[in-house]
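One structure below.
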Amino acid sequence: TQLLEQSPQFLSIQEGENLTVYCNSSSVFSSLQWYRQEPGEGPVLLVTVVTGGEVKKLKRLTFQFGDARKDSSLHITAAQPGDTGLYLCAGGGADGLTFGKGTHLIIQP
Amino acid sequence: ETGVTQTPRHLVMGMTNKKSLKCEQHLGHNAMYWYKQSAKKPLELMFVYSLEERVENNSVPSRFSPECPNSSHLFLHLHTLQPEDSALYLCASSQDLTGSREQYFGPGTRLTVT
(Lines give C-alpha, C1' and ligand atoms only; values in the text may rest on other atoms or scores of the structure.)
Protein backbone atom coordinates (compact mmCIF):
# COMPACT_ATOMS: atom_id res chain seq x y z
CA THR A 1 0.00 0.00 0.00
CA GLN A 2 1.36 3.37 -1.02
CA LEU A 3 1.22 6.00 1.74
CA LEU A 4 1.71 9.73 1.52
CA GLU A 5 2.66 11.62 4.68
CA GLN A 6 1.98 15.32 4.77
CA SER A 7 3.59 17.73 7.22
CA PRO A 8 2.86 19.74 9.12
CA GLN A 9 -0.67 18.60 9.83
CA PHE A 10 -1.67 22.10 10.96
CA LEU A 11 -0.03 25.47 10.34
CA SER A 12 -1.21 28.90 11.41
CA ILE A 13 0.86 31.93 10.41
CA GLN A 14 0.52 35.66 9.94
CA GLU A 15 -0.21 37.31 6.62
CA GLY A 16 2.99 38.14 4.73
CA GLU A 17 5.05 35.22 6.06
CA ASN A 18 6.52 32.45 3.93
CA LEU A 19 5.84 28.77 4.48
CA THR A 20 6.63 25.32 3.12
CA VAL A 21 4.56 22.15 3.43
CA TYR A 22 5.78 18.70 2.59
CA CYS A 23 4.50 15.49 1.07
CA ASN A 24 6.66 12.39 1.57
CA SER A 25 6.48 8.72 0.68
CA SER A 26 8.69 5.67 0.45
CA SER A 27 7.05 4.86 -2.88
CA VAL A 28 7.82 6.22 -6.32
CA PHE A 29 4.99 7.97 -8.12
CA SER A 30 4.56 8.66 -11.82
CA SER A 31 3.02 12.04 -11.00
CA LEU A 32 2.24 14.22 -8.02
CA GLN A 33 -0.72 16.52 -7.75
CA TRP A 34 -1.54 19.29 -5.27
CA TYR A 35 -5.09 20.32 -4.44
CA ARG A 36 -6.54 23.03 -2.21
CA GLN A 37 -9.86 22.51 -0.46
CA GLU A 38 -11.80 25.33 1.18
CA PRO A 39 -14.47 24.70 3.83
CA GLY A 40 -17.71 23.43 2.34
CA GLU A 41 -16.18 22.78 -1.06
CA GLY A 42 -14.43 20.00 -2.93
CA PRO A 43 -10.67 19.96 -3.61
CA VAL A 44 -9.47 22.06 -6.53
CA LEU A 45 -6.44 20.97 -8.56
CA LEU A 46 -3.53 23.43 -8.32
CA VAL A 47 -0.75 21.67 -10.21
CA THR A 48 0.56 18.35 -11.55
CA VAL A 49 4.28 17.53 -11.63
CA VAL A 50 5.55 14.49 -13.50
CA THR A 51 9.34 14.77 -13.84
CA GLY A 52 11.82 14.21 -11.01
CA GLY A 53 13.25 17.57 -9.93
CA GLU A 54 10.51 19.49 -11.72
CA VAL A 55 9.61 22.92 -10.35
CA LYS A 56 6.37 24.70 -11.21
CA LYS A 57 5.26 28.15 -10.13
CA LEU A 58 1.72 29.41 -9.78
CA LYS A 59 1.91 33.09 -8.76
CA ARG A 60 3.18 32.99 -5.14
CA LEU A 61 3.09 29.17 -4.97
CA THR A 62 6.12 27.08 -5.92
CA PHE A 63 5.81 23.32 -6.27
CA GLN A 64 8.73 20.92 -6.48
CA PHE A 65 8.84 17.19 -7.24
CA GLY A 66 11.72 15.33 -5.63
CA ASP A 67 14.47 13.94 -7.83
CA ALA A 68 13.45 10.38 -6.96
CA ARG A 69 9.73 11.15 -7.43
CA LYS A 70 8.96 10.09 -3.86
CA ASP A 71 8.31 13.49 -2.32
CA SER A 72 7.14 17.00 -3.06
CA SER A 73 7.02 20.41 -1.45
CA LEU A 74 4.79 23.44 -1.74
CA HIS A 75 6.26 26.82 -0.86
CA ILE A 76 4.06 29.90 -0.45
CA THR A 77 5.64 33.34 -0.49
CA ALA A 78 4.00 36.27 1.31
CA ALA A 79 0.97 34.25 2.39
CA GLN A 80 -2.43 35.89 2.22
CA PRO A 81 -5.71 35.08 4.02
CA GLY A 82 -7.07 33.77 0.71
CA ASP A 83 -4.46 30.99 0.88
CA THR A 84 -6.28 29.49 3.88
CA GLY A 85 -7.45 25.95 3.25
CA LEU A 86 -6.63 22.26 3.32
CA TYR A 87 -3.72 21.40 1.00
CA LEU A 88 -3.78 17.83 -0.28
CA CYS A 89 -1.10 16.02 -2.22
CA ALA A 90 -1.92 12.99 -4.34
CA GLY A 91 0.50 10.54 -5.90
CA GLY A 92 -0.30 8.91 -9.21
CA GLY A 93 0.52 5.31 -9.99
CA ALA A 94 -0.73 2.24 -11.79
CA ASP A 95 -3.57 1.86 -9.29
CA GLY A 96 -4.72 5.46 -9.55
CA LEU A 97 -4.30 8.27 -7.04
CA THR A 98 -3.21 8.00 -3.42
CA PHE A 99 -4.08 11.01 -1.26
CA GLY A 100 -2.35 12.29 1.85
CA LYS A 101 -4.30 13.48 4.90
CA GLY A 102 -3.54 17.09 4.08
CA THR A 103 -2.11 20.19 5.74
CA HIS A 104 -4.60 22.58 7.32
CA LEU A 105 -3.27 26.08 6.65
CA ILE A 106 -4.63 29.23 8.30
CA ILE A 107 -3.33 32.64 7.32
CA GLN A 108 -4.25 35.25 9.88
CA PRO A 109 -4.72 38.85 8.73
CA GLU B 1 -17.34 26.62 -10.95
CA THR B 2 -20.08 24.36 -12.37
CA GLY B 3 -17.94 21.62 -13.92
CA VAL B 4 -19.08 18.99 -11.42
CA THR B 5 -22.29 19.43 -9.45
CA GLN B 6 -23.62 17.40 -6.54
CA THR B 7 -27.02 17.25 -4.88
CA PRO B 8 -28.05 17.46 -2.17
CA ARG B 9 -25.33 19.52 -0.48
CA HIS B 10 -26.47 18.39 2.97
CA LEU B 11 -28.36 15.27 4.00
CA VAL B 12 -29.49 13.97 7.37
CA MET B 13 -30.90 10.47 7.40
CA GLY B 14 -31.83 7.80 9.87
CA MET B 15 -30.31 4.37 9.82
CA THR B 16 -33.43 2.84 8.26
CA ASN B 17 -33.82 5.41 5.47
CA LYS B 18 -33.01 5.04 1.80
CA LYS B 19 -31.58 8.03 -0.02
CA SER B 20 -29.53 8.77 -3.12
CA LEU B 21 -26.71 11.18 -3.87
CA LYS B 22 -26.48 12.62 -7.36
CA CYS B 23 -23.46 13.84 -9.31
CA GLU B 24 -23.34 15.40 -12.76
CA GLN B 25 -20.27 16.46 -14.71
CA HIS B 26 -20.35 18.93 -17.60
CA LEU B 27 -16.72 18.46 -18.67
CA GLY B 28 -17.08 15.70 -21.23
CA HIS B 29 -14.99 13.36 -19.09
CA ASN B 30 -15.09 9.58 -19.39
CA ALA B 31 -14.25 8.59 -15.80
CA MET B 32 -16.16 9.33 -12.60
CA TYR B 33 -15.40 8.59 -8.96
CA TRP B 34 -16.97 8.51 -5.51
CA TYR B 35 -14.78 9.40 -2.52
CA LYS B 36 -15.46 9.49 1.21
CA GLN B 37 -13.78 12.22 3.25
CA SER B 38 -13.72 11.81 7.03
CA ALA B 39 -11.92 13.86 9.63
CA LYS B 40 -8.29 12.87 10.20
CA LYS B 41 -8.29 10.36 7.34
CA PRO B 42 -7.04 10.59 3.77
CA LEU B 43 -9.60 10.72 1.01
CA GLU B 44 -10.95 7.18 0.57
CA LEU B 45 -11.70 6.08 -2.97
CA MET B 46 -14.97 4.14 -3.04
CA PHE B 47 -15.87 3.50 -6.68
CA VAL B 48 -14.48 4.22 -10.12
CA TYR B 49 -16.46 4.20 -13.36
CA SER B 50 -15.04 4.42 -16.86
CA LEU B 51 -17.47 4.85 -19.75
CA GLU B 52 -20.32 3.81 -17.47
CA GLU B 53 -18.63 0.56 -16.40
CA ARG B 54 -17.50 0.04 -12.82
CA VAL B 55 -13.78 -0.64 -12.81
CA GLU B 56 -12.99 -0.39 -9.09
CA ASN B 57 -14.83 -1.17 -5.90
CA ASN B 58 -12.53 -0.69 -2.93
CA SER B 59 -14.16 -3.10 -0.46
CA VAL B 60 -17.07 -0.77 0.12
CA PRO B 61 -19.99 -2.20 2.18
CA SER B 62 -23.03 -3.21 0.18
CA ARG B 63 -25.14 -0.55 1.92
CA PHE B 64 -23.50 1.80 -0.64
CA SER B 65 -24.68 1.06 -4.16
CA PRO B 66 -23.37 3.12 -7.10
CA GLU B 67 -25.09 3.63 -10.43
CA CYS B 68 -23.75 5.23 -13.60
CA PRO B 69 -26.49 5.50 -16.25
CA ASN B 70 -24.28 7.51 -18.63
CA SER B 71 -20.87 9.15 -18.66
CA SER B 72 -22.23 12.43 -17.26
CA HIS B 73 -24.21 11.14 -14.30
CA LEU B 74 -23.28 9.17 -11.22
CA PHE B 75 -25.45 8.16 -8.28
CA LEU B 76 -24.73 6.70 -4.88
CA HIS B 77 -27.69 4.88 -3.39
CA LEU B 78 -27.67 4.62 0.40
CA HIS B 79 -29.62 2.25 2.64
CA THR B 80 -29.39 1.08 6.25
CA LEU B 81 -26.36 3.25 6.92
CA GLN B 82 -24.46 3.41 10.20
CA PRO B 83 -23.48 6.53 12.18
CA GLU B 84 -19.83 5.96 11.22
CA ASP B 85 -20.86 6.52 7.59
CA SER B 86 -21.34 10.21 8.38
CA ALA B 87 -18.83 12.07 6.22
CA LEU B 88 -18.39 14.32 3.21
CA TYR B 89 -19.04 12.36 0.02
CA LEU B 90 -17.21 13.76 -2.96
CA CYS B 91 -17.78 13.02 -6.60
CA ALA B 92 -15.00 13.62 -9.11
CA SER B 93 -14.33 13.14 -12.79
CA SER B 94 -11.23 12.84 -14.95
CA GLN B 95 -10.69 12.80 -18.69
CA ASP B 96 -10.10 9.05 -18.57
CA LEU B 97 -8.12 6.47 -16.60
CA THR B 98 -4.80 7.08 -18.35
CA GLY B 99 -2.01 9.41 -17.35
CA SER B 100 -2.17 11.36 -14.14
CA ARG B 101 -5.99 11.16 -13.77
CA GLU B 102 -6.31 14.80 -12.71
CA GLN B 103 -9.46 14.96 -10.64
CA TYR B 104 -12.19 17.58 -10.90
CA PHE B 105 -14.26 17.47 -7.74
CA GLY B 106 -17.80 18.49 -6.96
CA PRO B 107 -18.61 20.44 -3.79
CA GLY B 108 -19.61 17.29 -1.92
CA THR B 109 -22.62 16.10 0.04
CA ARG B 110 -22.29 16.43 3.82
CA LEU B 111 -24.04 13.31 5.13
CA THR B 112 -25.11 12.84 8.73
CA VAL B 113 -26.52 9.48 9.81
CA THR B 114 -28.53 9.61 13.03
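We name chains A, B, ... by the order of the sequence lines, and we start the count at 1 in each one. Below, each value reflects all heavy atoms present in this structure, side chains not excepted, and no hydrogens, waters or symmetry copies.
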Taking all non-hydrogen atoms of both residues, which atom of P42(B) and which atom of F99(A) are closest, and how far apart?
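Heavy atoms only, the tightest pair is CB-O, 3.4 Å.
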Where do L90(B) and G42(A) come nearest, in terms of heavy atoms and distance?
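Answer, listing the atom of L90(B) first, then G42(A): CD2-CA, 3.8 Å.
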Report whether [X] and [Y] are members of the same hydrophobic cluster (ILVMFWY, side-chain heavy atoms less than 4.5 Å apart, transitive linking).
X       : Y      : value
L97(A)  : L45(A) : yes
V55(B)  : L45(B) : yes
V48(B)  : M32(B) : no
I107(A) : L58(A) : yes
F105(B) : L97(B) : yes

Counting distance alone, with no hydrogens or angles, which donor-acceptor pairs between chain B and chain A are under 3.5 Å?
{"from": "R9(B)", "atom 1": "NH2", "to": "G40(A)", "atom 2": "O", "distance (Å)": "2.6"}
{"from": "Q37(B)", "atom 1": "OE1", "to": "Q37(A)", "atom 2": "NE2", "distance (Å)": "2.9"}
{"from": "Q37(B)", "atom 1": "NE2", "to": "Q37(A)", "atom 2": "OE1", "distance (Å)": "2.8"}
{"from": "S100(B)", "atom 1": "O", "to": "Q33(A)", "atom 2": "NE2", "distance (Å)": "2.5"}
{"from": "E102(B)", "atom 1": "OE2", "to": "T48(A)", "atom 2": "OG1", "distance (Å)": "2.5"}
{"from": "Q103(B)", "atom 1": "N", "to": "Y35(A)", "atom 2": "OH", "distance (Å)": "3.0"}

Stepwise side-chain contact (heavy atoms from CB on, under 4.5 Å) check, L43(B) with L88(A)
CA-CA 9 Å; L43(B) 275 173; L88(A) 297 164; 4.2 Å; yes
Checking L88(B) against chain A: side chain, backbone, both or neither under 4.5 Å from a heavy atom?
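The side chain, not the backbone.
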Proximal component of L32(A), with respect to chain B [non-hydrogen, under 4.5 Å]:
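Answer is neither: L32(A) stays 4.5 Å or more from chain B.
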